[in-house]
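Below: one structure, written as C-alpha cells.
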Amino acid sequence: MGNGKKQTSPGISILYGILVALGTYLLFQLLAALLLVKGVLPEESAFPIIAGACVFSAFAGGMVCAGRVPWGTLVGGLAAACGFALVLVSAGLGIWGSISWTGKGGIQLLCILAGGVLAGLLGSKRGRRVKKRSKRR
C-alpha cells in the first residue's frame, strides 16, 4: 500500500509552517531593528520593512505547508498564513490590549494573507509524478 514513508499529519505540517513563519519574522525584526538603530535605514522605512517581513514570512511558512496537506496547495499556504496571523494578533492583544484594524495593523494582516496566497499559488505537491504512457504499435 505505502511506499515505506510515514505520512505527516496535516496539523503537524501546519504547525511547521507557522513556526517557520514566526522564526523568519523574528529574524527580520531583529535585522530591521539593528539597521534602524544604527542609522543605516531611515525611520520612515520601518513600516514598509515590517510589511515586507510579513509577506515574506507568511510566504516562507506557506511554502513549507503548501505541498504537505491533502487539501491542496492554496489551502495549505493560507492555513499556515492564518495561523501565523492568529499568533501575531494574539500577541498584540495580549501585550497592548487592542489593535488598530483600520491603521497599520490591518495592512499587516493583509500582507500576511497575501504571502499565504502567493505561497499557495507557487507551492507544489511533492513527489507527485505522472507516468507517461509509451505508444505501442
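FYI, the numbering just counts along the sequence from 1. Basis for what follows: all heavy atoms, side chains included, without hydrogens, waters or symmetry-related copies. The shown structure was predicted, so the numbers you read here are calculated from the model rather than taken from an experiment.
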Side chain to side chain, [X] and [Y], heavy atoms closer than 4.5 Å:
| X | Y | result |
| --- | --- | --- |
| Phe59 | Thr24 | no |
| Cys65 | Tyr16 | no |
| Val89 | Leu109 | yes |

Looking at every non-hydrogen atom in both residues, tell me the closest pair between [X] and [Y] and how far apart they are.
| X | Y | answer |
| --- | --- | --- |
| Pro10 | Pro70 | CG-CD, 3.6 Å |
| Leu36 | Pro42 | CD2-O, 3.3 Å |
| Cys54 | Phe84 | O-CE2, 4.2 Å |
| Ala85 | Ile112 | CB-CG2, 3.9 Å |
| Thr73 | Gly123 | CG2-O, 3.7 Å |
| Gly61 | Ala80 | O-CB, 3.6 Å |

Verify the cluster assignment for [X] and [Y]: are they in a single hydrophobic cluster under the rule of side-chain heavy atoms below 4.5 Å apart?
| X | Y | answer |
| --- | --- | --- |
| Val20 | Ile12 | yes |
| Leu19 | Ile14 | no |
| Ile49 | Val40 | yes |
| Val69 | Ile18 | yes |
| Ile50 | Leu22 | yes |

If you look only at pairs with a residue in residues 29-48, which of them pass as a ring-ring contact (aromatic ring centres under 6.0 Å, His included), with sequence neighbours excluded?
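Residue pairs passing ring-ring contact (aromatic ring centres under 6.0 Å, His included), neighbours aside: none found.
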
CZ of Phe56: more than 12 outside heavy atoms within 6.0 angstrom?
no

Measuring from Leu118:CG to Leu74:CG, what's the distance to the nearest 0.5 Å?
10.5 Å

